[in-house]
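We count ligands from 1, going down the list as the structure has it; atoms in each ligand are counted the same way.
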Amino acid sequence: MLKPRPKEIAKERWNSEFAKRVNYDIVYDDWLDSYEKEIKTCNSPIIDLGCGAGNNTKYLLEKGKNVIPCDFAETAIENIQNRFPQVKKAKCFDMTNGLPFADNFTDIVIADLSLHYFSEDTTYNILTEIKRILKPNGFLFFRVNSVLDKNHGAGQGTEIEKHLYATEDGRQKRFFDKNDIETFWQAWNLIDCKEENMDRYELTKVLWRCLAQKVS
Ligand SMILES: C[S@@+](CC[C@H](N)C(=O)[O-])C[C@H]1O[C@@H](n2cnc3c(N)ncnc32)[C@H](O)[C@@H]1O
(Lines give C-alpha, C1' and ligand atoms only; values in the text may rest on other atoms or scores of the structure.)
Protein backbone atom coordinates (compact mmCIF):
# COMPACT_ATOMS: atom_id res chain seq x y z
CA MET A 1 0.00 0.00 0.00
CA LEU A 2 1.22 3.54 -0.78
CA LYS A 3 2.30 5.71 2.17
CA PRO A 4 -0.06 8.69 2.75
CA ARG A 5 1.45 11.98 1.53
CA PRO A 6 2.08 14.91 3.94
CA LYS A 7 -0.96 16.75 2.58
CA GLU A 8 -3.28 13.79 3.22
CA ILE A 9 -1.87 13.36 6.73
CA ALA A 10 -2.36 17.10 7.38
CA LYS A 11 -5.93 17.06 6.11
CA GLU A 12 -6.81 14.09 8.30
CA ARG A 13 -5.20 15.75 11.31
CA TRP A 14 -7.05 19.05 10.80
CA ASN A 15 -10.32 17.22 10.19
CA SER A 16 -9.99 15.33 13.46
CA GLU A 17 -8.90 18.51 15.29
CA PHE A 18 -11.96 20.49 14.17
CA ALA A 19 -14.29 17.51 14.78
CA LYS A 20 -13.36 17.93 18.48
CA ARG A 21 -13.94 21.69 18.48
CA VAL A 22 -17.70 21.77 17.93
CA ASN A 23 -18.57 23.84 21.02
CA TYR A 24 -15.25 25.63 21.60
CA ASP A 25 -15.03 29.35 22.28
CA ILE A 26 -13.85 31.11 19.16
CA VAL A 27 -11.33 33.71 20.24
CA TYR A 28 -9.36 36.12 18.13
CA ASP A 29 -6.41 38.30 18.96
CA ASP A 30 -6.07 41.88 17.80
CA TRP A 31 -3.70 41.52 14.82
CA LEU A 32 -6.28 42.68 12.27
CA ASP A 33 -6.74 45.96 14.19
CA SER A 34 -3.51 47.09 12.48
CA TYR A 35 -5.37 46.96 9.15
CA GLU A 36 -8.55 48.67 10.29
CA LYS A 37 -8.48 51.25 7.51
CA GLU A 38 -8.11 48.68 4.70
CA ILE A 39 -10.81 46.44 6.19
CA LYS A 40 -13.24 49.31 6.76
CA THR A 41 -13.06 50.51 3.16
CA CYS A 42 -13.29 47.02 1.62
CA ASN A 43 -16.57 46.50 -0.24
CA SER A 44 -15.88 43.08 -1.74
CA PRO A 45 -16.17 39.74 0.10
CA ILE A 46 -13.04 39.08 2.19
CA ILE A 47 -11.48 35.63 1.72
CA ASP A 48 -10.39 33.96 4.98
CA LEU A 49 -8.01 31.37 3.49
CA GLY A 50 -7.40 28.44 5.85
CA CYS A 51 -10.07 29.78 8.20
CA GLY A 52 -9.89 26.90 10.71
CA ALA A 53 -12.21 27.52 13.68
CA GLY A 54 -13.11 30.92 12.25
CA ASN A 55 -11.28 33.36 14.55
CA ASN A 56 -10.73 35.90 11.79
CA THR A 57 -14.13 35.20 10.26
CA LYS A 58 -15.70 36.06 13.62
CA TYR A 59 -13.66 39.29 13.88
CA LEU A 60 -14.68 40.37 10.38
CA LEU A 61 -18.36 39.50 10.86
CA GLU A 62 -18.37 41.63 14.01
CA LYS A 63 -17.03 44.49 11.87
CA GLY A 64 -20.01 43.99 9.54
CA LYS A 65 -17.94 42.59 6.69
CA ASN A 66 -18.92 40.02 4.07
CA VAL A 67 -16.56 37.04 4.60
CA ILE A 68 -15.94 33.83 2.68
CA PRO A 69 -14.29 31.35 5.06
CA CYS A 70 -12.29 28.69 3.19
CA ASP A 71 -10.56 25.53 4.38
CA PHE A 72 -9.76 22.03 3.14
CA ALA A 73 -10.98 20.41 6.39
CA GLU A 74 -14.66 19.52 5.96
CA THR A 75 -15.16 19.58 9.75
CA ALA A 76 -13.87 23.18 9.93
CA ILE A 77 -16.38 24.26 7.29
CA GLU A 78 -19.24 22.35 9.00
CA ASN A 79 -18.40 24.09 12.30
CA ILE A 80 -18.34 27.48 10.57
CA GLN A 81 -21.75 26.83 9.00
CA ASN A 82 -23.19 25.86 12.40
CA ARG A 83 -21.55 28.69 14.35
CA PHE A 84 -22.10 31.48 11.81
CA PRO A 85 -25.38 30.74 10.01
CA GLN A 86 -25.24 34.23 8.48
CA VAL A 87 -22.25 33.04 6.39
CA LYS A 88 -23.76 31.58 3.24
CA LYS A 89 -20.68 31.01 1.13
CA ALA A 90 -18.09 29.06 3.16
CA LYS A 91 -15.98 26.99 0.76
CA CYS A 92 -14.17 23.70 1.20
CA PHE A 93 -11.15 23.27 -1.09
CA ASP A 94 -7.44 22.52 -1.05
CA MET A 95 -5.55 25.73 -1.78
CA THR A 96 -2.68 23.75 -3.35
CA ASN A 97 -5.05 22.97 -6.25
CA GLY A 98 -5.79 26.62 -6.99
CA LEU A 99 -8.38 29.05 -5.64
CA PRO A 100 -11.95 28.69 -6.98
CA PHE A 101 -12.53 32.41 -7.51
CA ALA A 102 -12.54 34.61 -10.59
CA ASP A 103 -9.67 36.94 -11.48
CA ASN A 104 -9.84 40.28 -9.57
CA PHE A 105 -12.51 38.84 -7.26
CA THR A 106 -11.64 40.61 -4.00
CA ASP A 107 -9.76 43.48 -2.37
CA ILE A 108 -8.58 41.44 0.62
CA VAL A 109 -7.33 37.92 1.29
CA ILE A 110 -6.45 36.93 4.85
CA ALA A 111 -4.19 33.92 5.41
CA ASP A 112 -3.61 33.54 9.13
CA LEU A 113 -1.11 30.75 9.90
CA SER A 114 -2.16 28.84 6.80
CA LEU A 115 0.67 29.53 4.30
CA HIS A 116 3.50 27.77 6.12
CA TYR A 117 2.87 24.12 5.25
CA PHE A 118 4.15 23.93 1.72
CA SER A 119 7.20 23.32 -0.45
CA GLU A 120 8.80 26.31 -2.14
CA ASP A 121 7.12 25.59 -5.51
CA THR A 122 3.70 25.13 -3.95
CA THR A 123 4.06 28.29 -1.85
CA TYR A 124 4.88 30.32 -4.97
CA ASN A 125 1.91 28.75 -6.82
CA ILE A 126 -0.47 29.65 -3.98
CA LEU A 127 0.87 33.23 -3.89
CA THR A 128 0.36 33.51 -7.66
CA GLU A 129 -3.22 32.31 -7.22
CA ILE A 130 -3.85 34.80 -4.42
CA LYS A 131 -2.54 37.56 -6.68
CA ARG A 132 -4.81 36.41 -9.50
CA ILE A 133 -7.98 36.71 -7.39
CA LEU A 134 -6.98 40.06 -5.87
CA LYS A 135 -8.09 43.27 -7.54
CA PRO A 136 -5.33 45.69 -8.61
CA ASN A 137 -3.70 47.10 -5.43
CA GLY A 138 -5.56 44.47 -3.36
CA PHE A 139 -4.13 43.31 -0.02
CA LEU A 140 -2.95 40.04 1.47
CA PHE A 141 -2.81 40.07 5.28
CA PHE A 142 -0.90 37.06 6.54
CA ARG A 143 0.85 35.55 9.50
CA VAL A 144 3.40 32.74 9.24
CA ASN A 145 5.71 30.83 11.60
CA SER A 146 9.03 32.45 12.48
CA VAL A 147 12.32 30.53 12.65
CA LEU A 148 12.28 31.61 16.32
CA ASP A 149 9.07 29.71 17.04
CA LYS A 150 10.80 27.01 19.12
CA ASN A 151 7.65 26.30 21.18
CA HIS A 152 5.94 25.14 18.01
CA GLY A 153 8.65 23.10 16.30
CA ALA A 154 11.07 25.61 14.72
CA GLY A 155 14.25 23.81 13.73
CA GLN A 156 12.91 20.41 14.82
CA GLY A 157 12.53 17.32 12.63
CA THR A 158 14.15 16.64 9.27
CA GLU A 159 14.84 19.68 7.09
CA ILE A 160 13.47 18.82 3.63
CA GLU A 161 14.13 22.21 2.03
CA LYS A 162 15.64 25.28 3.65
CA HIS A 163 13.39 26.04 6.67
CA LEU A 164 10.79 23.38 5.68
CA TYR A 165 10.66 20.51 8.19
CA ALA A 166 9.03 17.07 8.19
CA THR A 167 7.20 16.66 11.50
CA GLU A 168 7.19 13.38 13.42
CA ASP A 169 3.64 12.65 12.32
CA GLY A 170 4.55 13.02 8.62
CA ARG A 171 3.34 16.58 7.93
CA GLN A 172 5.41 19.56 6.77
CA LYS A 173 5.95 22.92 8.45
CA ARG A 174 7.87 25.93 7.20
CA PHE A 175 9.51 28.55 9.44
CA PHE A 176 10.40 31.93 7.93
CA ASP A 177 13.18 34.41 8.54
CA LYS A 178 13.08 37.97 7.19
CA ASN A 179 14.97 36.98 4.07
CA ASP A 180 12.49 34.16 3.33
CA ILE A 181 9.57 36.58 3.58
CA GLU A 182 11.28 39.12 1.32
CA THR A 183 12.12 36.39 -1.20
CA PHE A 184 8.70 34.70 -1.33
CA TRP A 185 6.95 38.06 -1.52
CA GLN A 186 9.44 39.75 -3.87
CA ALA A 187 6.76 40.13 -6.55
CA TRP A 188 4.57 42.03 -4.05
CA ASN A 189 4.74 45.39 -2.35
CA LEU A 190 5.56 44.31 1.20
CA ILE A 191 4.12 47.23 3.12
CA ASP A 192 4.41 45.96 6.67
CA CYS A 193 6.21 42.97 8.18
CA LYS A 194 6.90 42.49 11.87
CA GLU A 195 8.13 39.58 13.91
CA GLU A 196 6.13 39.33 17.11
CA ASN A 197 4.78 37.07 19.85
CA MET A 198 1.23 35.75 19.83
CA ASP A 199 -0.40 34.43 23.00
CA ARG A 200 -3.57 32.87 21.62
CA TYR A 201 -2.14 29.38 22.26
CA GLU A 202 -1.05 27.78 25.54
CA LEU A 203 2.61 28.41 24.64
CA THR A 204 3.75 31.72 23.17
CA LYS A 205 4.12 31.60 19.41
CA VAL A 206 6.66 33.69 17.46
CA LEU A 207 5.39 34.69 14.04
CA TRP A 208 5.59 37.21 11.25
CA ARG A 209 2.62 39.55 10.82
CA CYS A 210 2.63 41.10 7.36
CA LEU A 211 0.69 43.16 4.87
CA ALA A 212 1.49 42.69 1.19
CA GLN A 213 -0.11 44.55 -1.69
CA LYS A 214 -0.62 43.22 -5.20
CA VAL A 215 1.53 44.86 -7.82
CA SER A 216 0.88 43.82 -11.40
C1 LIG B 1 -2.98 26.82 12.13
S2 LIG B 1 -4.55 26.67 11.40
C3 LIG B 1 -5.02 28.37 11.30
C4 LIG B 1 -6.52 28.55 11.31
C5 LIG B 1 -7.00 29.99 11.36
N6 LIG B 1 -6.60 30.75 10.20
C7 LIG B 1 -6.49 30.65 12.61
O8 LIG B 1 -5.59 31.47 12.53
O9 LIG B 1 -6.97 30.30 13.69
C10 LIG B 1 -4.18 26.26 9.69
C11 LIG B 1 -5.42 26.07 8.84
O12 LIG B 1 -5.05 25.93 7.46
C13 LIG B 1 -5.84 24.92 6.88
N14 LIG B 1 -5.09 24.35 5.75
C15 LIG B 1 -3.89 23.73 5.79
N16 LIG B 1 -3.53 23.32 4.57
C17 LIG B 1 -4.53 23.69 3.72
C18 LIG B 1 -4.75 23.52 2.32
N19 LIG B 1 -3.87 22.87 1.55
N20 LIG B 1 -5.88 24.05 1.78
C21 LIG B 1 -6.80 24.69 2.55
N22 LIG B 1 -6.66 24.85 3.91
C23 LIG B 1 -5.53 24.36 4.48
C24 LIG B 1 -6.03 23.91 8.02
O25 LIG B 1 -7.12 23.04 7.82
C26 LIG B 1 -6.23 24.84 9.22
O27 LIG B 1 -7.56 25.19 9.39
Side-chain angles (χ1 to χ4, degrees), residues 4-22 24-35 46-62 67-81 83-84 87 90-101 108-130 133 140-146 149 151-154 164-165 167 169-176 196-210:
R5 292 178 304 149
K7 194 168 72 176
E8 288 150 0
I9 297 170
K11 184 170 171 185
E12 199 178 308
R13 183 189 169 277
W14 285 115
N15 258 324
S16 87
E17 181 64 32
F18 293 117
K20 290 185 260 168
R21 290 207 210 167
V22 178
Y24 267 45
D25 274 354
I26 300 174
V27 281
Y28 51 77
D29 59 323
D30 60 1
W31 77 290
L32 289 176
D33 286 353
S34 313
Y35 311 122
I46 298 177
I47 309 289
D48 184 0
L49 190 60
C51 62
N55 313 299
N56 299 295
T57 289
K58 182 176 184 204
Y59 176 96
L60 294 165
L61 289 172
E62 287 176 7
V67 192
I68 305 184
C70 306
D71 208 285
F72 74 162
E74 290 86 1
T75 51
I77 296 300
E78 277 161 31
N79 289 350
I80 293 270
Q81 283 165 336
R83 297 295 288 271
F84 306 109
V87 171
K91 278 191 186 279
C92 195
F93 62 86
D94 180 344
M95 69 173 101
T96 66
N97 297 332
L99 305 181
F101 299 100
I108 296 181
V109 173
I110 291 176
D112 191 11
L113 306 175
S114 60
L115 294 178
H116 49 214
Y117 299 111
F118 311 111
S119 68
E120 188 178 310
D121 285 355
T122 303
T123 307
Y124 277 117
N125 288 342
I126 294 170
L127 292 178
T128 301
E129 272 294 278
I130 294 175
I133 69 164
L140 167 63
F141 308 148
F142 66 98
R143 294 197 292 190
V144 288
N145 297 325
S146 155
D149 193 19
N151 284 337
H152 298 271
L164 179 71
Y165 291 83
T167 62
D169 61 4
R171 294 177 298 133
Q172 293 180 354
K173 255 180 151 181
R174 179 176 294 285
F175 298 86
F176 292 77
E196 56 192 27
N197 291 345
M198 181 192 79
D199 286 310
R200 205 177 70 193
Y201 300 146
E202 199 178 320
L203 296 175
T204 296
K205 180 169 185 62
V206 190
L207 48 70
W208 290 97
R209 169 175 63 80
C210 308

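Of the polar atoms of Tyr117, none of the N or O atoms is found under 3.5 Å from an N or O of ligand 1, judged by distance alone. Of the N or O atoms in Asp71, one or more lie within a sub-3.5 Å distance of an N or O in ligand 1. Residue Gly50 has at least one N or O atom closer than 3.5 Å to an N or O atom of ligand 1. Residue Ala73 has no N or O atom closer than 3.5 Å to an N or O atom of ligand 1. Ligand 1 has an N or O atom lying under 3.5 Å from an N or O atom of Asp94, backbone or side chain.
Pairs passing the salt bridge (charged side-chain N to carboxylate O under 4.0 Å, His left out) check and including a residue from residues 47-56, sequence neighbours excluded, do not occur.
Among all protein heavy atoms, the one lying closest to atom 20 (N) of ligand 1 is Met95 N, 2.9 Å. Scanning the protein heavy atoms around atom 2 (S) of ligand 1, the nearest turns out to be Trp14 CH2, 3.5 Å. Looking only at protein heavy atoms, the nearest one to atom 9 (O) of ligand 1 is Asn55 ND2, 2.4 Å. Nearest non-hydrogen protein atom to atom 10 (C) of ligand 1 is Leu113 O, 3.4 Å.
Using 4.0 Å as the threshold, Tyr28 has no heavy atom nearer than that to any atom of ligand 1. Look at Ala10 and you'll find every heavy atom at least 4.0 Å from all atoms of ligand 1. For Arg200, the heavy-atom gap to ligand 1 drops under 4.0 angstrom.
In the vicinity of Phe118, heavy-atom distances shorter than 4.0 Å reach the ligand 1 atoms 16 (N), 19 (N). Taking a cut-off of under 4.0 Å to the non-hydrogen atoms of Gly52, the atoms of ligand 1 that pass are 4 (C), 27 (O). In the vicinity of Ser114, heavy-atom distances shorter than 4.0 Å reach the ligand 1 atoms 12 (O).
A donor-acceptor pair is defined here as one N or O able to donate and one able to accept, closer than 3.5 Å; no such pair exists between the side chain of Arg209 and the backbone of Leu32.
The backbone and the side chain of Asp112 each have at least one atom closer than 4.0 Å to an atom of ligand 1 (non-hydrogen atoms only). Counting heavy atoms under 4.0 Å from ligand 1, residue Phe72 touches it through both backbone and side chain. With a 4.0 Å heavy-atom cut-off, ligand 1 is reached by the backbone of Phe93 but not by any atom from C-beta on.
Between Asp29 and Arg143 a salt bridge is recorded (basic side-chain N to carboxylate O distance below 4.0 Å). The residues Asp149 and Lys173 are annotated as not salt-bridged, no charged nitrogen and carboxylate oxygen being separated by less than 4.0 angstrom. The pair Lys11-Glu74 counts as a salt bridge, with a side-chain nitrogen and a carboxylate oxygen less than 4.0 angstrom apart.
Taking a 6.0 Å sphere around CD of Glu62, one finds it holds more than 12 heavy atoms contributed by other residues, nucleotides or ligands.
Aromatic ring pairs are classed by plane angle as parallel below 30°, tilted from 30° to 60° and perpendicular above 60°; the pair His152 and Tyr201 is tilted.
A donor atom on one side chain and an acceptor atom on the other are found under 3.5 Å apart for Thr167 and Asp169. One side chain, Asp33 or Tyr59, offers a donor N or O that lies under 3.5 Å from an acceptor on the other.
Closest approach of Pro69 to Cys51, counting heavy atoms only: CB-SG, 3.7 Å.
With sequence neighbours excluded, the residues that form a side chain to side chain contact (heavy atoms under 4.5 Å, CB included) with Thr75 are Asn15, Phe18, Ala19, Ala73.
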